[in-house]
Every structure is written in C-alpha cells, then in structure tokens.
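A short worksheet on the structure shown next.
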Amino acid sequence: MVTRTERKTRAEQKMETRQRLMDRAVRLFSRRGFARTTTAQIARAAGVSHGAVFMHFGSRDALVRAVAGEIGRAITDRLHELAADRASLRQVLRAHLRCIEEREDLYRNILTELPLLPNDARTAWVGIQSAISTHMAKVVRAEMRAGTLRKMPQALLFNTWIGLVHHYLANRELFAPGASVIARHGRTLTNHFLRLVRSQEEKNR
C-alpha cells in the first residue's frame, strides 16, 4: 500500500523531472536552436530516458510550446505589474528589454526559427506579442491623455517598437557580434523609439 507521504514524494519527483527537462530544453534550444536539438539530446542532458520526455509533455511540439510559453509569461507578468503600478512608457520598454535579455539566445532562436516551429508554438508566440501589446497599451493611453505621446494608432506604435527590437535581435551578429544586442543597444533603441513617439510639446520641454 502506497502511503500519503510516498504519493507526495512521487508527485514531487514527477514535477522535478518535468522541470529538469524544461531547464535542459531551454539550455539546448538557446545554444543550438530548435531545428538542431532533438528530444533524445534533451533527455540525455536531463539524465532521464527518452520516453520520459513524452511522458511529461506528450510530444516534442508540446515541449516547444511549453518553452515558448515560459519566456512569454516572464515578460507579460512583469509588464502587467508595471502597468498596474502606473509606470512610464520608458520603464515598460526597459523592463521588456530586460526580460528579453535574460533569455536573449532563446528569444532570438524562437524569432528566427518561427516559420519552422509547430503551429501551436507559432500561435503561442502571437499570443505573447498580443499580451505585450495589451499591457503596453494601458501605459500608452495614459501618456497620450497626458499629452506626452503623439496621437497615433496603438497597434502602429507597438509594431514600430517590436519591429525595431526584432530587427536588431535577428541581425545580432551585425549589430553586436558575439555579445548581447540588448545589453549593447537597448538604451539606444529605447531613446530612439521615444523620440519618435513623443509629442512635439514634450520634445520642446
């Protein structure tokens, strides 16, 4: 008969194994990219059987989706906190870049390999960007009402920001060879974007 303590231990072991697989997947996807990383390599790095990957995630696609979702939650949770605290747009942009920088290799590999990822992962990625846009919009609306930002469609404002950041990430070897493009150019990107979207009155102050 299995005791309550033993059931708890087994549940904890299951959670620990799942988390170890996630951690190793993040590490390998960050280092090698998605196309060049197999589930067998992830299992070997985690010190478990190959079948354990499918026991915990069901499929490789589900594992990829979980990894993409984890980075998305880290970003959106932080932006949600800032939006609730009525942070400035500059603070939100900086927090967005810091979250990306913490997982820059992984984020960049998702970005550049997106067409090759499973449909669920691509859908999750779109959802992440939509959530980021929603949190930014709360701050943007407040600053537009205050007159510090130019009146413009919020979707266009967000797409300008994300397009700028993604361009630098996708071309990291051009802008920051062998280094973090966010660490090297994050402040410049933030300042440039804010100059583009500030109202004329704000610029004249």
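Just so it is clear, the model here is predicted, and its values are computed rather than measured.
Using cut-offs of 30° and 60° for the angle between ring planes, the His96 and Trp161 rings count as tilted. Taking the six-membered ring where tryptophan is involved, the planes of Phe34 and Phe29 are essentially parallel, since the angle between them stays under 30° and well short of 60°.
Remark: side-chain polar atoms of Glu143 are not paired, donor with acceptor, to backbone N or O of Ser88 under 3.5 angstrom. Not a single donor-acceptor pair under 3.5 Å links the side chain of Gln154 to the backbone N or O of Val140. The main-chain N or O of Gly147 is found under 3.5 Å from a side-chain atom of Ser199 such that the two form a donor-acceptor pair. Distance alone, capped at 3.5 Å, is enough to place a donor-acceptor pair between the Gln41 side chain and the Thr38 backbone. A donor-acceptor pair is defined here as one N or O able to donate and one able to accept, closer than 3.5 Å; no such pair exists between the side chain of Ser130 and the backbone of Val126.
The CD atom of Glu101 lies 4.0 Å from the OG atom of Ser180; values are rounded to the nearest 0.5 Å. A distance of 10.0 Å separates CD in Glu102 from CZ in Arg78, rounded to the nearest 0.5 Å. Rounding to the nearest 0.5 Å gives a distance of 6.0 Å between CD1 of Ile42 and OG1 of Thr37. Of the inter-residue distances, the one linking Glu113 atom CD with Leu116 atom CG reads 6.0 Å to the nearest 0.5 angstrom. In this structure, CD in Glu173 is found 6.0 Å from CZ in Arg108, a value given to the nearest 0.5 Å. Atom CD of Gln91 and atom CZ of Arg98 lie 9.0 Å apart (nearest 0.5 Å).
Considering only heavy atoms from C-beta on, Glu104 comes within 4.5 Å of Arg172 through its side chain. A heavy-atom distance below 4.5 Å is not found between the side chains of His135 and Val92. Side-chain atoms of Phe54 and Thr39, non-hydrogen and from C-beta on, do get closer than 4.5 Å to each other. His185 has its side chain within reach of Phe175: a pair of non-hydrogen atoms, C-beta onward, lies under 4.5 Å apart. Looking only at side-chain heavy atoms (C-beta outward), Leu117 and Trp125 stay at 4.5 Å or farther from each other. For the pair His192/Leu164, a side-chain contact is recorded, criterion being any heavy-atom separation below 4.5 Å from C-beta on. The shortest distance between side-chain heavy atoms of Leu93 and Leu194 falls below 4.5 Å. Using a 4.5 Å heavy-atom threshold, the side chains of Arg24 and Arg44 count as separate.
Judged as a side-chain hydrogen bond (donor to acceptor under 3.5 Å, both in side chains), and not counting sequence neighbours, the contacts of Arg65 are Asp120. For Arg103, there are no side-chain hydrogen bond (donor to acceptor under 3.5 Å, both in side chains) partners two or more places apart in sequence or in a different chain. With sequence neighbours excluded, the residues that form a side-chain hydrogen bond (donor to acceptor under 3.5 Å, both in side chains) with Asn191 are Arg90.
Checking Thr17 against His56 by side-chain atom types alone, no donor-acceptor pair falls below 3.5 Å.
The number of heavy atoms from other shown groups lying within 6.0 Å of CZ (Arg187) does not exceed 12.
Counting all heavy atoms, side chain and backbone alike, Ala52 lies closest to Leu21 at O-CD1, 3.9 Å. Looking at every heavy atom in both residues, Ile128 comes nearest to Ala68 through CD1-O, 3.3 Å. When all heavy atoms are compared, the tightest approach of Leu114 to Arg122 is O-CD, 3.1 Å. The two residues Asp105 and Ser30 make their nearest non-hydrogen contact at CB-O, 3.6 Å. In this structure, Ala170 and Leu111 approach most closely via the heavy-atom pair N-CD2, 4.1 Å. Annotation for Met144 and Met152: closest pair CE-O, 3.4 Å, computed over non-hydrogen atoms.
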Please determine whether side-chain contact (heavy atoms from CB on, under 4.5 Å) holds for the pair Arg184 and Tyr168, giving the CA-CA distance in whole Å, both sets of side-chain angles, and the decisive distance to 0.1 Å. CA-CA 11 Å; Arg184 183 168 295 183; Tyr168 270 71; over 6 Å; no
Run the numbers on Ile100 and Leu169 for side-chain contact (heavy atoms from CB on, under 4.5 Å), then give the verdict. CA-CA 10 Å; Ile100 292 175; Leu169 284 167; 4.0 Å; yes
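Criterion: ILVMFWY side-chain heavy atoms under 4.5 Å apart, direct or through other members. Under it, Val64 and Met55 are not part of a common hydrophobic cluster. No continuous path of ILVMFWY side-chain contacts below 4.5 Å connects Leu156 to Phe193, so the two sit in separate hydrophobic clusters.
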